[in-house]
Amino acid sequence: MNTKPLVYALSAVAIILGALFLISTISAPSLDPLILARDLITSILAIVLGVVAPLLIRKFTAQEE
């Protein structure tokens, strides 16, 4: 089963949602520092995961072929 298209699509969704959440957090930051940190970390992790997932799928599927 070829899962690459699914991984790429989900990665794009993660990057887009992470970017939107980051823009939302920066444009209207919370006054509570813990909530602000949580929102920033969540959005940055979503973007990083969206970038890293295709790289990892390429690495591990290349070993199988």
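Nothing here was measured: the structure is a model prediction, and the numbers come from that model.
- Nearest heavy-atom pair across Gly50 and Pro54 is O-CD, 3.2 Å.
- Note: Thr61 OG1 to Lys4 NZ = 4.0 Å, rounded to the nearest 0.5 Å.
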Under 3.5 Å, side-chain donor or acceptor atoms of residues 31-42 against the rest of the protein: list the pairs with distances, not counting sequence neighbours.
{"unit_1": "Asp32", "atom_1": "OD1", "unit_2": "Leu34", "atom_2": "N", "d": "3.4"}
{"unit_1": "Thr42", "atom_1": "OG1", "unit_2": "Arg38", "atom_2": "O", "d": "2.7"}

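- Sequence neighbours left out, the pairs with a member in residues 7-18 that pass side chain to side chain donor-acceptor pair (under 3.5 Å) are Tyr8-Arg58.
- Clustering of Ile, Leu, Val, Met, Phe, Trp and Tyr side chains at separations under 4.5 Å leaves Leu55 isolated, with no partner residue.
- Residues in residues 43-56 take part in no side chain to side chain donor-acceptor pair (under 3.5 Å) pair, two or more places apart or across chains.
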Identify all side-chain donor-acceptor contacts of residues 12-23 below 3.5 Å with residues at least two apart in sequence or on another chain.
none

